[in-house]
S.K.: 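Handing you this structure, nothing more for now.
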Amino acid sequence: LREVSTMLRSGGADEQQIADVMAQSGSVLLAAAVFSHLAGTLLLGYWWRTLAAAEKRFGAEFRELRLGRVLGMPLTLVLVAGLVFAVELVQNLAPLAMLAFVLQGLAVVHAWAYARNWHPGYLAPLYVMLAVPPLMVLTILPLGTLGLVDNWLNLRARFRSRQ
């Protein structure tokens, strides 16, 4: 948030505009944090459940995780509307839509690594980048874009055809 306020000041924004952006950014960041923690907790809980039941299906199911057309279309429209319109509701929902596509992007990366027979440790830097705030922004955008593209073009079908 400090970097955003510094950038706004250098762009000529006055203190009231900066305060408005900071107030909205705080609520958006809170909603995004709650959503990501909820999704992460649910995935972690499901993984532990499959481990406790001695089932090995979590990896395969996660690699197939996708929003589909029914959820993908409205979320894509929310992202596009967030770029075009300055409506507060749309601006608050756009980061949540992006996080949904980030989860799908993570599934695509895992499917790609699985198709290439990578060691699971090769994905560790990705998760470190997702945990470090300055690198998080640089990681979320490509993962969200990858999830969005996969939702419409089914990139994982191409991975399976190469096996």
Side-chain angles (χ1 to χ4, degrees), residues 1 3-4 24-83 87-163:
L1 289 175
E3 291 175 14
V4 170
Q24 182 179 3
S25 297
S27 64
V28 168
L29 287 175
L30 178 63
V34 168
F35 176 77
S36 63
H37 284 112
L38 178 63
T41 302
L42 289 172
L43 287 172
L44 186 64
Y46 182 67
W47 177 52
W48 284 347
R49 184 199 154 289
T50 59
L51 284 178
E55 299 171 349
K56 296 189 178 201
R57 66 178 199 228
F58 178 78
E61 289 178 356
F62 182 73
R63 287 188 297 272
E64 291 298 320
L65 180 72
R66 75 177 334 103
L67 294 170
R69 305 267 189 234
V70 174
L71 288 175
M73 187 178 301
L75 292 177
T76 302
L77 291 175
V78 165
L79 283 176
V80 170
L83 294 173
V87 178
E88 187 172 344
L89 176 65
V90 173
Q91 293 298 317
N92 289 337
L93 290 176
L96 297 177
M98 179 58 101
L99 285 174
F101 285 119
V102 165
L103 282 175
Q104 184 166 337
L106 278 172
V108 172
V109 169
H110 278 270
W112 188 64
Y114 184 78
R116 303 271 187 246
N117 293 322
W118 283 8
H119 186 275
Y122 290 156
L123 295 177
L126 175 68
Y127 286 98
V128 169
M129 288 174 33
L130 282 171
V132 177
L135 298 176
M136 185 186 317
V137 176
L138 300 173
T139 309
I140 285 177
L141 189 58
L143 280 176
T145 304
L146 183 64
L148 179 69
V149 169
D150 177 64
N151 197 61
W152 294 104
L153 300 180
N154 195 9
L155 298 174
R156 287 175 272 191
R158 297 171 194 192
F159 300 153
R160 284 188 292 270
S161 67
R162 292 182 184 169
Q163 286 182 324

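Sequence positions, counted from 1, serve as the residue numbers for this chain.
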S.K.: Got a salt bridge between Arg49 and Glu55, using NZ or NE/NH1/NH2 to carboxylate O under 4.0 Å?
M.R.: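 Result for this pair is yes, salt bridge flagged.
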
S.K.: What is the minimum heavy-atom distance between Val90 and Ala81, and which atoms define it?
M.R.: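 Shortest heavy-atom contact: CG1-C, 3.4 Å.
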
S.K.: Mind checking whether Trp112 and Trp118 have parallel, tilted or perpendicular rings, split at 30° and 60°?
M.R.: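 It falls in the perpendicular class, over 60°.
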
S.K.: Given side chains that start at C-beta, do those of Phe62 and Leu106 come closer than 4.5 Å, heavy atoms only?
M.R.: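 Answer yes - side chains close enough.
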
S.K.: What is the distance from atom CG of Leu138 to atom CG of Leu130, rounded to the nearest 0.5 Å?
M.R.: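 One gets 11.0 Å once the value is rounded to the nearest 0.5 Å.
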
S.K.: Within a radius of less than 6.0 Å around CD of Glu61, do more than 12 heavy atoms belonging to other residues, nucleotides or ligands occur?
M.R.: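 Yes, enclosed.
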
S.K.: What's the spacing between Leu38 CG and Leu43 CG if we round to 0.5 Å?
M.R.: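 Answer rounded to 0.5 Å: 9.5 Å.
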
S.K.: Between Arg66 and Asn154, what is the shortest heavy-atom contact and its length?
M.R.: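 Reported closest heavy-atom pair: NH2-OD1, 3.2 Å.
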
S.K.: Tell me the closest heavy-atom pair linking Asn151 and Gly72, and the distance in Å.
M.R.: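 Scanning both residues completely, I find the closest heavy atoms to be ND2-CA, 3.2 Å.
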
S.K.: Do Leu155 and Leu146 have side-chain heavy atoms sitting under 4.5 Å apart?
M.R.: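 A side-chain contact exists here, since the closest heavy-atom pair is under 4.5 Å.
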
S.K.: Taking all non-hydrogen atoms of both residues into account, name the closest pair between Pro125 and Gly121 and its distance.
M.R.: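 What the structure gives for the nearest pair is CD-O, 3.6 Å.
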
S.K.: Nearest 0.5 angstrom please: Phe101 CZ to Thr145 OG1, how far?
M.R.: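 With rounding to 0.5 Å, CZ (Phe101) is 10.0 Å from OG1 (Thr145).
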
S.K.: Looking at side-chain heavy atoms only, is the closest gap between Met98 and Leu148 below 4.5 Å?
M.R.: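 No, too far: nothing below the 4.5 Å cut-off.
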
S.K.: Provide the closest heavy-atom pair for Gly82 versus Ala94 in the form atom of the first, atom of the second, distance.
M.R.: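 In this case the closest contact between Gly82 and Ala94 is CA-CB, 4.3 Å.
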
S.K.: Between atom CZ of Arg156 and atom CD of Gln104, what is the distance when rounded to the nearest 0.5 Å?
M.R.: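 Between atom CZ of Arg156 and atom CD of Gln104 there are 5.0 Å.
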
S.K.: Let me confirm one number: the CG-CG distance from Leu65 to Asp150, rounded to the nearest 0.5 Å.
M.R.: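 Here the interatomic distance stands at 9.5 Å.
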
S.K.: Does Met136 CE have over 12 foreign heavy atoms under 6.0 Å away?
M.R.: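 Atom CE in Met136 is packed in, count exceeds 12.
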
S.K.: For Trp152, look at atom CH2 and say whether over 12 heavy atoms of other residues, nucleotides or ligands are found less than 6.0 Å away.
M.R.: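 Buried by this count: over 12 neighbours within 6.0 Å.
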
S.K.: About how many Å separate CG of Leu79 and CG of Leu96, when rounded to the nearest 0.5 Å?
M.R.: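 Spacing of CG (Leu96) from CG (Leu79) equals 10.0 Å.
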
